[in-house]
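Numbered from 1 within each chain, the chains take letters A, B, ... in sequence-line order. As a basis for the values below, the full set of heavy atoms in this structure was taken, side chains included, without hydrogen atoms, waters or symmetry mates. Keep in mind it's a predicted model, so treat the numbers as computed, not measured.
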Number of protein chains: 2
Amino acid sequence: MKPIRLIAFTAFTAIALVQSARADTPLPSWNDGPAKQGIINFVEKVTKAGSPDFVPVAERIATFDNDGTLWCEQPLPVQFYFAIDRMKALAPQHPEWKDKEPFASLLKGDLKTALAGGDHALLELVMATHAGMTTAEFEQIVKDWIATAKHPKYKKPYTECVYQPMVELLAYLRENGFKTFIVSGGGIEFIRPWAEQVYGIPPEQVVGSSIKTKFEMCDGKPVLVRLSELNFIDDKAGKPVGINQHIGRQPIAAFGNSDGDQQMLEWTGAGSAARLMMLVHHDDAEREYAYGPAGGLPDTKVGTFSQSLMDEAVKRGWTVTSMKKDWKRIFPSDK
Amino acid sequence: MKPIRLIAFTAFTAIALVQSARADTPLPSWNDGPAKQGIINFVEKVTKAGSPDFVPVAERIATFDNDGTLWCEQPLPVQFYFAIDRMKALAPQHPEWKDKEPFASLLKGDLKTALAGGDHALLELVMATHAGMTTAEFEQIVKDWIATAKHPKYKKPYTECVYQPMVELLAYLRENGFKTFIVSGGGIEFIRPWAEQVYGIPPEQVVGSSIKTKFEMCDGKPVLVRLSELNFIDDKAGKPVGINQHIGRQPIAAFGNSDGDQQMLEWTGAGSAARLMMLVHHDDAEREYAYGPAGGLPDTKVGTFSQSLMDEAVKRGWTVTSMKKDWKRIFPSDK
C-alpha cells in the first residue's frame, strides 16, 4: 500500500473505530437489558429526522428528581445533614436551643425524638438554618459545606455519592440535543451551587422547593435576603406546577424514584408524542440501600416507593429500573 | 489567472466580504452613537478570551423587560387589550357583568370609569379572563388572539409592533454566546406562546407575573388548572426575586424602560464584573410615543419613566437610549 493510501486507510479505520466505539457504548455503566435498551430506543426515535416520533431539539426537555434519583438519599436526605451541621455551627449564638425542640434533641444527637415533631419540627430546623442571610451568603455556606461534608456510610463527599449510570444518562441525553433539568423536592438554592459541576446542569435548569426572598438595598448595594417563609414546595402535585412555572412546556422524558415523583411522570406522559418515564428502584441492599414496600422491601419515610406507585407504573407503562440488575456500578468510584 | 486559482480567489474574496459585512453591521437598525457603541464595546470585552473582562459563556445572562422595551406598550399594555377582548367574548355567559364594575364600563367602552377602580378593578378583570381553564386551553386562547388582534394605532398585529433594534440586539447577544431572558411584569403564560417565534426566546427563558395553578386528573388525563389567585408579581422589587427564582444567577446585561425595571438594573449592576444596564427612553412622538416626565415629556401611568429613575441611571452610569436619536427604525416594517 502506498503511504498516502495507508494514511487514508488508517485515518478511515480510526474514525470508523471511534464511531463504532461511540455507537456501541452509550451508558457504559448500564447492564444490557430492557431498561438500557428502552432509553436508547426512545432517544433514537425522537432524534431521527423524518421519523414519525421525531421531536425538535427545542422540545427535548428531560426532568430529573434529585434525591434518590441522581444521588443517595439514605439514611436521610443530604440536605437534612446540611441543616444539622448548620444548626450545630449556629448553636453558640442560640443558647435558647438547648431547651427548644427540635434543636435540643438534635444537639444531643437524638434524631428520633427530634423527628417526632414531624413537618413542624422540620420546618423549624429549615428556617433556623436556611433563612436570615443573603442569597450570596447562603450560596457560599452551601459551597463550603458540600466541599468538606461526608456521607455517614460511604465516608466520601456527597458529590461522589451520585449515581454514575444517571450521570451518564444526563450526558447521553444532552449529546442528543436534550435540555436536562432537575425537578427536586429539595431546596433550589441548596442544589444550584454544585449541580453544574457535578451533573452539568446550570442554575437556570434547577427547579426546587424555596423560601421567599426580599430585595433590599444594604449600604447602597442590592441584596436578596432569605426570609423565614415558605414560597413553594416542589413535591408530588407541586412538581408539574413547578415544571410549568420554570420550563413552560411538558417534558418528553422524566426520571424519579418515589411517590413524590408520580405526578411529574403523569404530567410528562400526558402528551401524545413519544415519551419516556422511568423510576429508579432501590433494591440493592449490598451496594446501596433497599427500600420501598414495592417488591416487598422495607418501608421508609424517606423516598417511599409505595405499591400504589408501582401499580401506576405498570398501568401507564413506565420503566422501573432495578439498581441491582440494571446498573453495572452505582457510584463513580465503583469498578 | 488559472481557473482553479480564480475559483480559490473568488471563494476567498466572497468569504472575506461576508465576514467583513458581518463584522461591520451588527445592530443595523441602530444609528452610530454612544448607545450602539456601548453595546458593541461591552460585548467585545466580555467575549474576548484573555481579556480581564472576559465572562464564560455560561454566565452570559441578559434580561429584557417586555412591555415598552421589546414591544409597544401604549396607549395601553397589549395584555390589557387581550383581557378586554376576552371579557367581551365571555360576556354572553356572564349577564351579571352588565351591572358589575369594571365589566359594565368596559362593555360600554368607557375605559376611564373602568380604570378608576384601580388595581382592584384590574385584578377582577385579569381573574375573570385569565383563570378557570387549563394551561393548555389558555395557551391556545392566547395563540388564537395574538394571530388576529391588531394594535389600535398601527393597525397591524401586536407581534409586528416589536422594536426592530431590540430584536437585533437579542440576536446579536445570542450570536455572542448570551442566553437571553424576558423578565416582564406581564403574565408569563401570556408571553410564552409567541415569544419563541417573535423574539427567539423559548418558554423556559420567560420570567413573568403569574397566577397559581393546580395539578388535577381530569378523566384520567393530567391537567394544570389556572386558579383565581395571584402567585407572583414580577415587577419592581419583584424582578430581582423572579430572576433569582428562575435563573439563579445575576445577569451581566439588563434592558428596561420604566420605573418597574429599576431594581432589575440595580441587581444586574451589583456584581463586580463588566456589566451593561440600559433604559429605552420613549421620546419619539412622531414614530412611536413620547412619555415619562424625565426629559420634560408627559407623564403616563403606563410605563412611567420618572425623574428619580433618570437620576438613578445617571448616578449608576446606565445607558439611556433615545428612540428618536439612537434608532434608525422602530418597527420591523419601517424602512
Legend entry - Any pair counted as ring pair (Phe, Tyr, Trp, His ring centres under 6.0 Å), so long as it reaches residues 215-245 of chain B, sequence neighbours left out: none
Only pairs under 3.5 Å, no angle test: what donor-acceptor pairs are there between chain A and chain B?
residue  : atom : partner  : partner atom : Å
A:Lys179 : NZ   : B:Glu204 : OE2          : 2.8
A:Lys179 : NZ   : B:Gln205 : OE1          : 3.3
A:Glu189 : OE2  : B:Asn244 : ND2          : 2.8
A:Arg192 : NH1  : B:Asn244 : O            : 2.7
A:Arg192 : NH2  : B:Gln245 : O            : 2.7
A:Glu196 : OE1  : B:Arg249 : NH1          : 3.4
A:Glu204 : N    : B:Ile247 : O            : 3.2
A:Glu204 : OE1  : B:Arg249 : NE           : 3.3
A:Glu204 : OE1  : B:Arg249 : NH2          : 3.2
A:Glu204 : OE2  : B:Lys179 : NZ           : 2.8
A:Gln205 : OE1  : B:Lys179 : NZ           : 3.3
A:Gly220 : O    : B:Arg316 : NH2          : 3.3
A:Lys221 : NZ   : B:Ala270 : O            : 3.2
A:Asn244 : O    : B:Arg192 : NH1          : 2.7
A:Asn244 : ND2  : B:Glu189 : OE2          : 2.9
A:Gln245 : O    : B:Arg192 : NH2          : 2.7
A:Ile247 : O    : B:Glu204 : N            : 3.2
A:Arg249 : NE   : B:Glu204 : OE1          : 3.3
A:Arg249 : NH1  : B:Glu196 : OE1          : 3.4
A:Arg249 : NH2  : B:Glu204 : OE1          : 3.2
A:Ala270 : O    : B:Lys221 : NZ           : 3.3
A:Arg316 : NH2  : B:Gly220 : O            : 3.3

Inset, instruction - Could you look at A:Leu224 and say if it's the side chain, the backbone, both or neither that has a heavy atom under 4.5 Å from chain B? - result: both
Legend entry - Partner chain A: residue of B:Val223, B:Ile247, B:Val206 with the largest heavy-atom pair count (under 4.5 Å): B:Ile247
Inset, instruction - Pick whichever of B:Gly208, B:Gly238, B:Ala237 has the most heavy-atom pairs under 4.5 Å with chain A. - result: B:Ala237
Inset, instruction - Please report the shortest heavy-atom distance between B:Pro203 and A:Gly248, naming the atom on each side. - result: CB-O, 3.9 Å
